[in-house]
Protein chains: 2
Amino acid sequence: MEKILVLGSGMVGRAIVMDMAKDFAVKVIDINKENLLKLKNLKGVKLIKADATDLKTLKGYSKDCDLIISAVPGFLGFKVLKKIIKCKRNVVDISFFDGDAFELNELAKKNKVTAIVDCGIAPGLSNIILGYHNSRMKINSFDCMVGGLPEKREWPYQYKAPFSPIDVIEEYTRPSRIVKNGKIIVKEALSDINILNIDPVGELEAFNTDGLRSLLKTMKIPNMSEKTLRYPGHTELIKVLRESGFFSNKKLNVNGNKISPLEMTTRLLFPIWKLGDEEEEFTILKITISGTEDDKNMCYEYNLYDKFDRKTKVSSMARTTGYTCTAAARLVLEGEFLQNGICPPEFIGVQQENFQSVINNLEKRGIHLTKQVIE
Amino acid sequence: MEKILVLGSGMVGRAIVMDMAKDFAVKVIDINKENLLKLKNLKGVKLIKADATDLKTLKGYSKDCDLIISAVPGFLGFKVLKKIIKCKRNVVDISFFDGDAFELNELAKKNKVTAIVDCGIAPGLSNIILGYHNSRMKINSFDCMVGGLPEKREWPYQYKAPFSPIDVIEEYTRPSRIVKNGKIIVKEALSDINILNIDPVGELEAFNTDGLRSLLKTMKIPNMSEKTLRYPGHTELIKVLRESGFFSNKKLNVNGNKISPLEMTTRLLFPIWKLGDEEEEFTILKITISGTEDDKNMCYEYNLYDKFDRKTKVSSMARTTGYTCTAAARLVLEGEFLQNGICPPEFIGVQQENFQSVINNLEKRGIHLTKQVIE
């Protein structure tokens, strides 16, 4: 039985461990004991309270491992990935760190490491789908919309964060890069709001976020956009907060204390945005790819709608993110995906069998991707 | 020529000084030199940089004065009024302090001082109008709506504060007391929002604020309400901020610094809400009084709409507040209003001549109050 080391046992990390433990021997490292203890009843899983950012620790625990999965918080992601590559272990990373993973490409190649990064739902599954079609047609436009939302719409934000709320605010402030007529254009986050009716939810609003990431480098597609979905009204409130300065991280002197508005804002909003452990939420994804295939105009539309799993209490965000990651991990373990270096998920989609394997793995776990073809 | 001492030379204080200087010898005390210097070209006005909260200072400068007008910031108001009464000077106060002025009633009576308080537009003019009708009819309901708004509606707040922004936030958080069926009912601030079409502005929204003040004690009217007017949409944003905790003054420990969200919020919002010295704004007031008069059902409706004065650069809020105050001051100086003790403006309205004198004084300064009678 192959041995897996999972770094991080947060919401997504735990879903990954539970999934991998069915077929593999799993060790989990987390510095947070509380998170680890949520996995204590899982058979065949070894829980290790340790610091995954420490190279010695990593080397020790990964020595006999066939694959590492990194599900650490975003701000640790790059640093940890570099150390994993130094340990010469194959890795699937879903930490969604801010830096450029390709900076580690040379090192990964030198160390003969397969390092799949950004392997969640979007980025992640969306890239796999694009990678598949990109090797089969000349794509003119790729549009991706994704959102993780609570079932219950509560005034005023109608939102709960299915991952770290600080990463949500980061999404609301970081300029977003889109591609138009072959050129990368920088747009303000929260810009180009449009209202859509998406089954089975109803009206949602979509706005630009900086989610294209690796696709900006790996794809030669003239038009690409990535948008985030929220219930209508949310974006306006966030814009008001942002434009009023509440998300600024510039320290102000308030009564002799140096403090940034963002520090105060996070203190106030995080309890409001905290997704309860058993709070029902869903994930919605809509991808449109159009271009020419065999000299014909073609358009593919993918839709995914997934809900919180009442039986296992696994959130939909953890399911869709974690199971895309474990599907990729299985491809590496089975020797189906062997490419060395930094591999964003669009590389996986190139091989039809691998693309199909990911879709099948999701399907088995109750995550249904529907496909519409418009000729 | 009678001698007047004005305390405070902020926006309203300056309008008062400019108005009184036409007929009287005026001295102005302010601790803020910048404010004082804005009056430096005014003839016959003596500018004094001093601390109006100091009893000795007050005694010295008020010795030969016939009347004091207190236009200090609200948080100093009560303390300063008490000292003025100790100096045995008649006073008109527009500081709108938070405490109960009637606590000083005994002292004022003992010292034979006439102390008119809350003498702005609303509270102020609204009380004078109510006082007038209350002595002539049996009133069943009194409804007052008032707002000071910028001409230019700027996203997102569509608001500039024509007086201290901290007092505006106070208005948005302090529970409001209204009277219903003869009982005082406490309502959350910003509650009972309704949208009205008020000429010549158009749609505005009104919500409960705690503006009845002295009327809760002096009037036996079964139904009374006071509401503040804003452009539609403002109140929702303020509610979001309030309910998210941004107006809380409970100190939080943020990175080892103890700071209240309100302190941070005021730092961010005050620059956005700051009314420019020459920024066009207007004041709107709507009063409805209904009941029975000479055995007939009667309803009186008063409307006031006043704009920034482009010639004198005096804001409408300073005009309507300041000139109601100077009209009352003139009544005291002319010996027309002689009542000792704490006198809220409803006491002035009781005498028809005094009521008419205030209206005439406002009219002369271009502030038109229209009256509709519905039998």
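Just so we're on the same page: letters track the sequence lines, and every chain starts at 1.
- Counting heavy atoms from C-beta outward, B:L241 and A:L241 have side chains that approach closer than 4.5 Å.
- The number of heavy atoms from other shown groups lying within 6.0 Å of NZ (B:K82) does not exceed 12.
- Contact count against chain A (heavy-atom pairs under 4.5 Å) is highest for B:S244 among B:S244, B:G256, B:G245.
- Using a 4.5 Å cut-off between heavy atoms, A:K239 touches chain B through backbone and side chain atoms alike.
- In this structure, the side chain of A:R267 engages the main chain of B:N253 through a donor-acceptor pair within 3.5 Å.
- Contacts of A:I259 with chain B are made by both backbone and side-chain atoms, with heavy-atom separations under 4.5 Å.
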TODO: Tell me, with the steps shown, if B:L268 and A:L252 meet side-chain contact (heavy atoms from CB on, under 4.5 Å).
DONE: CA-CA 10 Å; B:L268 297 174; A:L252 295 179; 4.1 Å; yes
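- Annotation: the span from A:M264 atom CE to B:L262 atom CG amounts to 9.5 Å, rounded to 0.5 Å.
- Heavy-atom minimum distance, B:V254 versus A:E263: CG1-CB, 3.7 Å.
- Proximity to chain B is limited to the side chain of A:L237, based on heavy atoms less than 4.5 angstrom apart.
- For A:F246, the parts lying near chain B are the backbone and the side chain together; criterion is any non-hydrogen pair under 4.5 Å.
- Neither the backbone nor the side chain of A:S248 comes within contact range of chain B, judged by heavy atoms closer than 4.5 Å.
- B:K251 NZ: more than 12 foreign heavy atoms inside a 6.0 Å radius.
- In the displayed structure, B:K79 atom NZ is contacted under 6.0 Å by at most 12 heavy atoms of other residues, nucleotides or ligands.
- Residues of residues 143-156 of chain A that come within less than 4.5 angstrom of chain B, heavy atom to heavy atom, are A:W155, A:P156 in numerical order.
- Contact of the B:N257 side chain with the A:N255 side chain is not registered, since no non-hydrogen atoms from C-beta on lie closer than 4.5 Å.
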